[in-house]
Amino acid sequence: MKRSAIEIGVPILWILLSCFIVKGAIDLQIGGLSHPGPGFMPLVIGIFMTIVSFITLLQMILNKIRINSKTMDDKLSFANFNKILIVFISVITYSLVLNYLGYLISTFVLMLFLFKGIAPQKWSIASISTIITVILSYYIFVVWLGCQVSSYPKFLVY
Amino acid sequence: METLFLAFSGLKVATTSSNLMFCFIGAMLGTLIGVLPGIGPTATIALLLPITFHLSPIEATIMLAGIYYGAMYGGSTTSILVNIPGEAASVVTCLDGYEMAKKGRAGPALGIAAIGSFIGGTFGLVLLMFLAIPLAAIAIEFGAPEYFAIMCLGLTLIIYLAQRNFLKSLIMASFGLFLGVIGIDLVTGDVRFGLGFYELNDGIGLVPILMGLFGVSEVAFNLEKGVSQEIFKTKITNLLPRGKDWIDSKMPILRGSIIGFVLGILPGGGAVVSSFVSYSLEKKFSKYPEKFGTGVIEGVAGPETANNAASTGAFVPLFVLGIPANVVMALLLSCLMIHGMQPGPTLIKMHPDLFWGTIASMYIGNIMCLAFNLPMIGIWVQLLKIPYKVLFPLIILFCSIGVYSTNNSVFDIYVMLLFGGLGYIFRKLDYELAPLILAFVLGPMLEAALRQSLIISNGHFSIFFARPISAVSLIITIVILVLAAIPYMKKYRNKVVETIEAE
């Protein structure tokens, strides 16, 4: 994807966000200068962000500048994006099952997947690393720090 | 005399078995993460912040401070041996350090880096010790207008010194201020921008944001570009520099100590800027500037001294004013506030054991780091061989469970992932993260100071200019903003002139 498309698109998103902030600030009580209300600071931030975003957008559209030695025609690369996406999805899945499957099983599966699935290495290294990580992290977070998470699956406990 | 007496009492606090242990852990961890590329002191402190909830304030501060200055020591090892900076403040050490290693002088490079770091760190500590109390006595007179003005100045300096686009840094700071506003307004009790999520009533937690922006996004970035390390195969001998090395290094070390400490105090200055400034200065002062970049010891001694002096100088505004000078200090500020301490001019008076104990532990920690970095260099070199594919799952797990453990809430993991994704996109598009974090931490304090000032003055902004310190700070802020805007106006004017001439 061309850098120019993103560099112009992003300030538009910032403008939309700042309009949302200004709207939210108006819905809250702005108050007066002598007694600023809860909406006062968000209003200031929203207006400031709108102005700066507009200037940024104009800069990108009018000047076609070089940005830190990268030109606007350069393509923005997202190499290995699928790996990054898989890591994110795996952590989301981990958080969904953590309280249901318990810390030990869900962490074991996550670690084995990350050690073996993302940057492949030997099963022996992945397995040993997983076991050591699960045991150490269990003792640090659950036993020592008292993290409130079930160690075992709920269906086994109840 | 009183200062020395207080310093000795701090030594008593720092030499208890638990504080010594946490000082050791902090210094060792800091050196370790300084050595390992792919994770820096900011991410590590963010990762360990939840663990510090279970420690006393002194133990937590000692450990986190140890990580910060320890990383400055460790960062030079990878810069010199692998030509990859272990952390940002060691970037400039790559230029001459790696060249020295290629010439078979890795030992003296590592040695002078460690010794220079020790001297810079100790110099900074001595100044911190003697300056903190007089500065705190001045700062105690500050009111809401002064705090508002100084925080504005601090934020503006960080934005101005941003290495990337100034406008983008302004947007990031605004975004950070907005994130700080989310939650219940402390004055009226209204929920601001909660979006229907009751978890946001208390605001967005600092830990999920930090873990996301610095932990998860760092992993994403490194997975994308791939982190490979090839250790330069050289025998590391003669860690103690020769006589000529000492003669060549003494002035760079002296200049680096002063520059580093002064720049460390300034918001936005810090270890990174000080190391670059030191390198430029040494090149200017050198009789042979053309030799810089080919492996001269001055190019290692000055910057490494400066970054350690800066890391100590950064504690001055934190302890004296309660204003963080950089992201790491913002984390330490959060740590202190979580433990019920209010950083600021009264901190030294109300909690002298914390202040003097931390200073004394930093002396001890600097000695420990010197010991880690000289005789134990062989061990750190072996650690460089740990592949990133083993490290990143550990970082992901520590981030996830660390964030979960703060509130026992899965919602925080989602917030972390959201900011992980945002952090990755921001890095791709050259948006700096430091203004966002600082604005997020300072935002609530800034708002409180602004509202108080306006209430006191009955809505008149003249209160900020009626008081000398706030007036000077705001004028400097305006000057900096104008200075930053001038290049844009010049560029636009040149563009208009070109267009007219073309027609």
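Per chain, numbering begins at 1; letters A, B, ... match sequence-line order. Keep in mind that the numbers below use all heavy atoms, side chains included, and drop hydrogens, waters and symmetry copies.
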Q: With a 4.5 angstrom heavy-atom cut-off, could you sort out which part of A:Leu28 is near chain B: side chain, backbone, both or neither?
A: side chain
Q: Let me know if A:Leu85 has heavy atoms under 4.5 Å from chain B in its side chain, its backbone, both or neither.
A: neither
Q: Answer with side chain, backbone, both or neither: which region of A:Phe20 has an atom nearer than 4.5 Å to a non-hydrogen atom of chain B?
A: both
Q: Examine whether an atom of B:Leu195 lies under 4.5 Å from a heavy atom of chain A, and if so say whether it belongs to the side chain, the backbone or both; otherwise answer neither.
A: side chain
Q: Against chain B, label A:Thr107 side chain, backbone, both or neither, depending on which of its atoms sit under 4.5 Å from a heavy atom there.
A: side chain
Q: Can you say whether A:Phe141 sits under 4.5 Å from chain B via the side chain, the backbone, both, or neither, judging by heavy atoms?
A: side chain
Q: Just checking A:Phe54: does its CZ atom have more than 12 heavy atoms from other residues, nucleotides or ligands closer to it than 6.0 angstrom?
A: no
Q: Kindly give the heavy-atom pair with the smallest separation between A:Ile92 and B:Tyr414, and that separation in Å.
A: CG2-CE2, 4.4 Å
Q: When the ring planes of A:Trp14 and B:Phe426 are compared, do they come out parallel, tilted or perpendicular, using 30° and 60° as the limits?
A: parallel
Q: Between A:Ile55, A:Leu114, A:Leu17, A:Val44, which shows the greatest number of heavy-atom pairs under 4.5 Å with chain B?
A: A:Leu114
Q: Checking B:Leu450 against chain A: side chain, backbone, both or neither under 4.5 Å from a heavy atom?
A: side chain
Q: How close do B:Phe193 and A:Pro42 get, heavy atom to heavy atom, and via which atoms?
A: CE1-CB, 3.8 Å
Q: How about B:Leu397 and A:Ser137: do any of their side-chain heavy atoms sit closer than 4.5 Å?
A: yes
Q: Check whether any side-chain heavy atom of B:Phe166 lies under 4.5 Å from a side-chain heavy atom of A:Val52, and answer yes or no.
A: no
Q: At a heavy-atom separation under 4.5 Å, does A:Asp27 approach chain B through its side chain, its backbone, both, or neither?
A: neither
Q: Taking all non-hydrogen atoms of both residues into account, name the closest pair between B:Leu454 and A:Leu33 and its distance.
A: CB-O, 3.2 Å
Q: Identify which part of A:Thr56 has an atom lying under 4.5 Å from any heavy atom of chain B, answering side chain, backbone, both or neither.
A: both
Q: Measure B:Val191 against the heavy atoms of chain A and call it side chain, backbone, both or neither at under 4.5 Å.
A: backbone
Q: Contact part of B:Ile396 toward chain A, heavy-atom cut-off under 4.5 Å: side chain, backbone, both or neither?
A: side chain
Q: Around atom CD of B:Glu199, are there more than 12 heavy atoms from other residues, nucleotides or ligands closer than 6.0 Å?
A: yes
